[in-house]
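One structure below.
Chain A is the first sequence line, chain B the second, and so forth, proteins listed ahead of strands; every chain is numbered from 1. These numbers were taken from a predicted model, which means no experiment stands behind them.
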Amino acid sequence: MINEWEIIIEVPREKEFGDFSTNMAMQMAREARMPPAKIAAAIINNIEMDGTYIKKVEKAGPGFINFYLEKDWLYQALQAIMAERENYGKLDIGKGRKVMVEFVSANPTGPLHMGNARGGALGDCIARILEAVGYDVTREFYINDTGAQVEKFGASLEARYIQLLKGEDAVEFPEDGYHGEDVIEHARNYIKIHGDKLLGIPSGERRKMLAEYALGKNLESIRNDLEKYGIKFDVWFSEKTLYESGEFDETMEYLEQNGLTYEKDGAVWIKTSQFGTDKDEVLIRSNGIPTYFASDIAYHRNKFLKRKFDRVINLLGADHHGHSSRMKAAMEALGVGPDKLDIIVFQLVRLYRNGEIARMSKRTGKSITLADILDEVGKDAARFFFSMQASGSHLDFDLDMAVKQSDENPVYYVQYAHARICSMLRVLEAEGVKVPAPGQVDLALLKTEAELELIRKLAEYPEEIGIAARTLEPSRLTRYAIELAALFHGFYNSCRVKGKEESLVKARLALVDCTRTVIRDILNLLCINAPEKM
RNA sequence: GCGCCCAUAGCUCAGCAGGAUAGAGCGUCGGUUUCCUAAACCGCAGGCCGGGGGUUCGAAUCCCUUUGGGCGCACCA
């Protein structure tokens, strides 16, 4: 009667509705021209229950079919955790395919800001999640080390350099230059090391030398900050190399030969509007300097065509979201299926301190950087908070909350669950009680509500990772971690382990150890410490 | 003016391939410790899911419209 139907089975919100539930009867009602209840009854009559964990199937509500399983299936899940350990929950969705996650990619003309911090946490977690589901992941940072911004940076440095050596009035500072203190600092340091020898060379050379020096320094501190933040990139890809290798020219030629470019007002344009953007974009300015967009096209050609990535994920702050549709259009222009490129646009961050929006760093008085955050709240709290919310949601980061060592702070809540478990294991171990091996325990002794709920949650873990991977949404795991910790704390308060009858001690100990395995694994995916003591 | 994101409890947010009484944390208030970590647990209170239309047996979820906020709309990145 019905040939193909995607059957959706879900875990009902209320446990009285069974372990699993499907609304398929209601989905089919229209097509089958039968009332949902009748379809549900027919389905239930035809379910073969022998040899399965199904204990009972019931029709409920407007046409739901609820499945009640033997508790055995829960115990099976525990067995799986005991056997697979840290591999529990690992899937093979990716099947070894090559995926690149490009994130942060901050302009090296200054320090990392809050947008980079959120993008960093999200990008790295996505990379970790994709690794867990069987992708071959490359983390990449694209360095904008050429182009208009770098020119401007060089000009600013040059002005500061000359001002420092010959006085404030010796040269005018460029109107649209980088006014920050850090630019002066770079110039000062350069003089300290190399003296005034740049005064005697042509301006172009001078700017180049200064820019190279300062970009190097900035990149070094960016790299340092990211490392403290738990992020290590596999590739630092320099924009400049696209020009040096000829790939940029190849890309422009390709676009030109395919009739996708034209000249207007002395500039070269690309017909992105053919692929659905509001307007065409400039590739080469009338002054001959290529735009950032142009080199980004060459960059993506490199990702897909040269390096053969099956899939690329870019993280972009909301302030750059206009770039997203342009890039998609460019993919089509290159003949790369636009669905191979996922662009995640994450919303910006607002910091709060004392209930007010915080803009300036306490330490430096300048705008708040990633380094400031790491200083003030530490890596664990920062990563947790930046991963707590769906990327599409605006994020309010409460600095006071993040440092509080109390129940107001969810980071500690999860970490505490882990530390508590480790402590239990230590205490029991000291009494000679060890975590039992998979076959050496009667899990059926676990039957209080608190125990069963905890096990049920653990059983959901693989699915949870799958969803996080499919939706590229780390916040899914952060919330799961909080829920799991809550169920564990509940279990802890209602079920004692130590001092109980030996077989029950073993069974509960197995459950506790499985919980530890999963919590540690999630914290690992979120790049947060799993402390053994607190 | 055009485009993207957001709007759900006092606060911060889940839920959004339509489904059974809308969830959690924090905050408020009240309880739990001769016992494996009280950074914990248990309980009470708290909601016309921004407003208005529509589609549907059924809408927080989909469509239209409107209001309020964020961000874009460069020969910047």
Quick one: look up who [N] pairs with, Watson-Crick or G-U, both distances under 3.5 Å, and put none if it's unpaired.
N	result
B:G25	B:C11
B:U61	none
B:G47	none
B:C41	B:G31

Quote, to the nearest angstrom, the [atom1] distance that separates [N] from [M].
N	M	atom1	answer
B:C16	B:G58	C1'	16 Å
B:C64	B:A59	C1'	15 Å
B:G30	B:G52	P	38 Å
B:C44	B:C36	C1'	30 Å
B:U8	B:G70	P	15 Å
B:A14	B:C6	P	10 Å
B:G53	B:U12	C1'	31 Å
B:G15	B:U61	P	14 Å

Value in whole Å for how far the [atom2] atom of [N] lies from [atom1] of [X]:
X	N	atom1	atom2	result
A:Asn493	B:G43	CG	P	12 Å
A:His320	B:G3	NE2	C1'	17 Å
A:Arg420	B:C41	CZ	P	7 Å
A:Phe346	B:G72	CZ	P	13 Å
A:Asp296	B:A77	CG	C1'	10 Å
A:Leu283	B:C75	CG	C1'	11 Å
A:Phe153	B:A77	CZ	C1'	14 Å

**OP:** List the protein contact pattern of nucleotides 9-16 of chain B with one symbol per nucleotide (5' to 3'): B for base contact, S for sugar-phosphate-only contact, - for none; contact means a heavy-atom distance under 4.0 Å.
**Re:** ---SSSS-
Original post:
On the ring face of A:Tyr492, is A:Arg420 found with NZ or CZ under 6.0 Å from the centre and within 45° of the axis?
Top reply: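 Here A:Arg420 passes the 6.0 Å and 45° test against A:Tyr492.
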Subject >> Those residues of residues 106-121 of chain A lying under 4.0 Å from RNA chain B by at least one heavy atom >> reply: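 Contacting residues: A:Asn107.
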Original post:
Under a 4.0 Å heavy-atom cut-off, which of residues 450-474 of chain A touch RNA chain B?
Top reply: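 A:Arg470, in order of number.
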Side-chain donor/acceptor of [X] to base of [N], under 3.5 Å:
X	N	answer
A:His321	B:G3	yes
A:Ser286	B:C75	yes
A:Thr291	B:A74	no

Subject >> Geometric class of the A:Phe141/A:Phe233 ring pair [parallel <30°, tilted 30-60°, perpendicular >60°] >> reply: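 Plane angle over 60°, so perpendicular.
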**OP:** Hey, can you tell me if A:His186 and A:Phe153 have their rings parallel, tilted or perpendicular (30° and 60° cut-offs)?
**Re:**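 Because their plane-to-plane angle is over 60°, the rings of A:His186 and A:Phe153 count as perpendicular.
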Original post:
Less than 5.5 Å between centroids and less than 30° between ring planes, does A:Phe17 satisfy that with B:A20?
Top reply: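 Yes, aromatic ring over the base.
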Original post:
Does B:A39 have A:Tyr413 stacked on its base, where the ring centres are within less than 5.5 Å and the planes differ by under 30°?
Top reply: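 Not stacked by the 5.5 Å and 30° rule.
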**OP:** Check every atom of B:C71, B:A77, B:A20 against the side chain of A:Leu348 and return the nucleotide holding the closest atom.
**Re:**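 Looking only at heavy atoms from C-beta outward on A:Leu348, the closest nucleotide is B:C71.
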Subject >> Ring center gap for A:Phe20 and A:Phe67 short of 6.0 angstrom >> reply: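 Distance test on ring centres: not under 6.0 Å, no.
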Subject >> Chi-angle category of B:A17 [syn within 90° of 0, anti beyond] >> reply: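 Here B:A17 takes the syn form, which means its glycosidic angle is within 90° of 0.
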**OP:** Describe the nucleic acid contact of A:Ala267 in one word from base, sugar-phosphate, nothing, applying a heavy-atom distance below 4.0 Å.
**Re:**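 Counting heavy atoms under 4.0 Å across all strands, the contact made by A:Ala267 includes a base.
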